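Scroll down for the structure; my scribbles are underneath it.
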Amino acid sequence: MARNVRPAAEHGQRRRIRHMGAALLAAGMLLGAAACQGAAAKTAGPRPTSAQPPSPAASKPVPTGTPTATPTHPAGPPLLLDTITPTNDATVGVAMPISVKFTHPVARSARAGVEQALKVTASTPVTGAWHWFSSTRADWRPQHYWPAGTRVAVDAHLTDVADGNGRYGIHDYHHAFTIGPAWETKVDAPAHTMDVFLGGVRQKHFPIDAGSAEFPTWDGTMAEMGKAPSVHMTSCSVHISCTPGTPNYYDVTLPWDVQLTASGTYVHFSDAHPNPGQAGSHGCIHLSLADAKWFYAHAHQGDPVTVTGTPRGLVHADNGYAAFTLSWAAWLTTSATGPQQTAGSR
């Protein structure tokens, strides 16, 4: 059985789903993890082979008048999902993609069939597409941000679907979630400012410190991954310095942390820069204590944070959930079935 996903046949049992919520971040990902610098997460796995799926076993001749046996699944090990993000029944921001991870690689030759089995419906129809970041991860996003208030469902009709490497689906899965209010944050790194909008109307204007010239912040649009009231951050875990007393060494626990990338970019308060507006960080975005607390209280998984003006370049789109960093044309380059409009859902 796949971890962290709920088969459609088991609606009566709520299964625990691994996701990037605050509890997971605090307990599993954030403890001992450093922030503010580090390479983008590498998710690309080994190049899959194009093995042909085995044919279903032939049934034995049935004597005249004998009832036909119930068909069996094709022979082969199971094709299972590892996770579906966002969590079932979650409310997320307008930039949140649907991210599906498989337990084993899906061959290129089978990806069109797999995409067709992953049906996305929405109460407000949108045009969207799948994008394969690796042989085990496929994300779906609309061409533009989700409309606020949209109800979205993902039905993975994977029973008997082949992965091209000898595996076949043995379960269907169902996830549903809701798009919350249209929060959006824009960071101007050279100007040391951050503006927070709700429905296109500016709510806050903050002075900030972004990354220094030596350790610049990522450019691009990053969907907030989650948040935690405090995070232990060390320079050693992001390969800056492991020797106390050396330049750029740090080992601190800081409050009001909103995570932007898997590689360790956060919006948070830093006691090294309690009055931001001109200094440089190790790649994170620093707010004052009061501003960091306000931003934390209003942050939601999937809210877009767009950073501009840094020398580092665009964040990799699979470094967390940065799907909207890619242009629509670039997003379509790895889709096996191309853009499609979602069917309406109730």
Side-chain angles (χ1 to χ4, degrees), residues 1-10 15 17-19 42-56 71-88 96-122 125-143 152-177 317-318 321 323 326 328 330-343 345:
M1 179 67 65
R3 301 189 303 276
N4 302 329
V5 288
R6 181 158 60 98
E10 298 180 2
R15 303 192 58 160
I17 298 177
R18 188 178 66 211
H19 63 96
K42 296 181 179 179
T43 61
R47 184 178 298 276
T49 60
S50 297
Q52 292 297 321
S55 300
T72 60
H73 293 291
L79 164 65
L80 299 173
L81 300 187
D82 187 22
T83 56
I84 301 176
T85 305
T87 307
N88 194 50
M96 188 68 204
I98 300 165
S99 186
V100 175
K101 292 184 179 180
F102 297 86
T103 59
H104 292 81
V106 176
R108 293 180 186 275
S109 60
R111 292 179 187 176
V114 170
E115 287 183 22
Q116 290 167 356
L118 300 173
K119 183 180 180 182
V120 179
T121 57
V126 297
T127 297
W130 291 97
H131 179 95
W132 290 83
F133 286 116
S134 72
S135 61
T136 58
R137 176 179 172 181
D139 286 18
W140 194 99
R141 56 156 270 203
Q143 183 173 3
V152 185
V154 186
D155 287 283
H157 301 296
L158 291 174
T159 300
D160 296 344
V161 172
D163 73 351
N165 288 319
R167 293 178 177 271
Y168 293 86
I170 60 172
H171 293 297
D172 292 350
Y173 303 89
H174 174 83
H175 264 222
F177 58 94
D318 60 345
Y321 302 112
L326 291 179
W328 182 238
W331 186 260
L332 295 176
T333 57
T334 66
S335 176
T337 55
Q340 297 176 353
Q341 187 174 52
T342 62
S345 65

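Bear in mind the structure is a predicted one, so any value in this text is a computation, not a measurement.
In this structure, the separation between OG on Ser135 and NE2 on His104 is 11.0 Å, given to the nearest 0.5 Å. In this structure, the separation between NE2 on His175 and CG on Leu118 is 12.0 Å, given to the nearest 0.5 Å. In this structure, the separation between OG1 on Thr103 and CG on Leu79 is 7.0 Å, given to the nearest 0.5 Å. A distance of 10.0 Å separates CG in Asn88 from CZ in Phe177, rounded to the nearest 0.5 Å. Glu115 CD to Trp132 CH2: the interatomic distance, rounded to the nearest 0.5 Å, is 6.5 Å. Note that the OG1 atom of Thr159 and the OH atom of Tyr173 stand 8.5 Å from one another [nearest 0.5 Å].
Arg167 and Pro78 get closest at one heavy-atom pair: NH1-O, 3.0 Å. Gly166 approaches Pro77 most closely through the heavy-atom pair O-CD, 3.4 Å. The nearest pair of heavy atoms linking Pro142 to Val126 is CB-CG2, 4.0 Å. Between Tyr321 and Asp139, the shortest heavy-atom contact is CD2-OD2, 4.5 Å. Smallest separation of non-hydrogen atoms from Ala153 and His174: CB-CE1, 4.1 Å. Considering every non-hydrogen atom in both Leu332 and Gly338, the closest pair reads CD2-C, 4.5 Å.
Under the side-chain hydrogen bond (donor to acceptor under 3.5 Å, both in side chains) criterion, Trp140 pairs with no residue, sequence neighbours left out. Residues forming a ring-ring contact (aromatic ring centres under 6.0 Å, His included) with His131 (at least two apart in sequence, or on another chain): Phe133, Trp331. By the side-chain hydrogen bond (donor to acceptor under 3.5 Å, both in side chains) test, Thr342 is found to be paired with no residue, residues two or more places apart in sequence or in another chain being considered.
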Step by step, would you call Ile170 with Leu80 a side-chain contact (heavy atoms from CB on, under 4.5 Å)? CA-CA 8 Å; Ile170 60 172; Leu80 299 173; 4.0 Å; yes
Does the side-chain contact (heavy atoms from CB on, under 4.5 Å) test come out yes or no for Val152 and Val120, once each step is laid out? CA-CA 7 Å; Val152 185; Val120 179; 4.1 Å; yes
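In this structure a side-chain-to-backbone donor-acceptor pair under 3.5 Å is present from Arg137 to Asp318. A distance-only check finds a donor-acceptor pair linking the side chain of Arg141 to the backbone of Ala323 [under 3.5 Å]. When atom types are taken as modelled, the side chain of Asp163 and the backbone of Ala110 share no donor-acceptor pair closer than 3.5 angstrom.
Side-chain atoms of Asp155 and Asp172, non-hydrogen and from C-beta on, never get closer than 4.5 Å to each other. Residues Trp130 and Val114 form no side-chain contact, since every pair of their non-hydrogen atoms from C-beta on lies 4.5 Å or further apart.
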